[in-house]
Amino acid sequence: MTPHEHEFEQCVNAYKGTIYTVCYMFSNDSDEVADLFQETLINLWKGFTGFEGRSDMKTWIYRVALNTCITADRREKRRHKRIGRQPEGLDADFNLFEDTDRDTQQIDLLHRRISLLRPFDRAIVLLWLENLPYDEIGKIVGLSAKAISVRLFRIRRQLRDMSNE
């Protein structure tokens, strides 16, 4: 293993939870999350030698992961639009893994609502849920801290309005 490969492996090990969290925010299907994770790793590898350290490594990884997931999300929507329908899944009358715990149900509800947001807004929510400060979120997505504040206010209102529908 070359020093470059070893450094990349250390980076992936340090931030694999971050990468997985981003991928999970864009899909709740385990196969699709795994595909997004792999695609993100490929994009990170392609850009690893070009990373100049002008930003924090975690900021760069968030940016690559978010861009990868947003691009994949758009590509999937275009594909479904071309074929004129959404893919049909298996319809089961039961769920062996159903969790009826109230907290779990609330988390699932929030995840479903967040998944209805536009990809860019989902990215902002994800970063906010990761407890990143507004200025760091802004660096990752290319907005000012004030713009992030305004955007989050609007997103919260949108999520709250979903409960009234």
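- Both Leu126 and Leu152 are part of a single hydrophobic cluster, where members link through side-chain heavy atoms under 4.5 Å apart.
- Here Met1 contributes atom CE and Phe8 contributes atom CZ; the two are 11.0 Å apart, rounded to the nearest 0.5 Å.
- In terms of modelled atom types and a separation under 3.5 Å, the side chain of Glu5 and the main chain of Thr2 share a donor-acceptor contact.
- Contact between Val33 and Ser27 at its shortest, heavy atoms only, is CG2-O, 3.2 Å.
- Atoms CG and CD1, on Asn43 and Ile61 in that order, are 12.5 Å from each other to the nearest 0.5 Å.
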Which side-chain N or O atoms in residues 142-150 pair as donor and acceptor under 3.5 Å with protein atoms at least two apart or in another chain?
from, atom 1, to, atom 2, distance (Å)
Ser144, OG, Ala147, N, 3.0

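- Phe48 and Ile19 fall within the same hydrophobic cluster, defined by Ile, Leu, Val, Met, Phe, Trp and Tyr side-chain heavy atoms under 4.5 Å apart, directly or through other members.
- A donor and an acceptor atom, one from each side chain of Tyr62 and Glu136, are nowhere located under 3.5 Å apart.
- Partners of Trp128 by ring pair (Phe, Tyr, Trp, His ring centres under 6.0 Å), not counting sequence neighbours: none found.
- With hydrogens and angles disregarded, no donor-acceptor distance shorter than 3.5 Å links the side chain of Thr59 to the backbone of Ser55.
- Note: the hydrophobic cluster containing Ile140 does not contain Met57 (ILVMFWY, side chain heavy atoms under 4.5 Å, direct or indirect links).
- Proximity of Leu159 to Leu117: side-chain heavy atoms (C-beta onward) are separated by under 4.5 Å at one or more points.
- Met25 places a side-chain heavy atom less than 4.5 Å from the side chain of Leu129.
- Within a 6.0 Å radius of CZ in Arg156, other residues, nucleotides and ligands contribute more than 12 heavy atoms.
- Cys69 places a side-chain heavy atom less than 4.5 Å from the side chain of Cys23.
- Trp45 has its side chain within reach of His4: a pair of non-hydrogen atoms, C-beta onward, lies under 4.5 Å apart.
- Using a 4.5 Å cut-off on side-chain heavy atoms (C-beta onward), Phe120 and Arg151 make contact.
- Under the 4.5 Å side-chain contact rule for hydrophobic residues, Phe37 and Ile70 do not share a cluster.
- Side chain of Arg63 to main chain of Lys139: a donor-acceptor pair is present (N/O by atom type, distance under 3.5 Å, no hydrogens or angles).
- Taken to the nearest 0.5 Å, the OH atom of Tyr134 stands 10.5 Å off from the CD1 atom of Ile124.
- Distance CG/Asp29 to CG/Leu36: 9.5 Å, rounded to 0.5 Å.
- Here the side chains of Leu41 and Gln38 are in contact, with some heavy-atom distance below 4.5 Å.
- Placement of Val22 and Leu132 within a single hydrophobic cluster is found when ILVMFWY residues are connected by side-chain heavy-atom separations under 4.5 Å, directly or transitively.
- Ion pairing between a basic and an acidic side chain is recognised when a charged N comes within 4.0 Å of a carboxylate O; Lys16 and Glu9 show no such pairing.
- Summarising the geometry, atom OG1 belonging to Thr71 is positioned 10.5 Å from atom CG belonging to Leu66; distances are rounded to the nearest 0.5 Å.
- Side-chain atoms of Leu116 and Arg112, non-hydrogen and from C-beta on, never get closer than 4.5 Å to each other.
- Remark: Asp73 engages Arg122 in a salt bridge, criterion side-chain N to carboxylate O under 4.0 Å.
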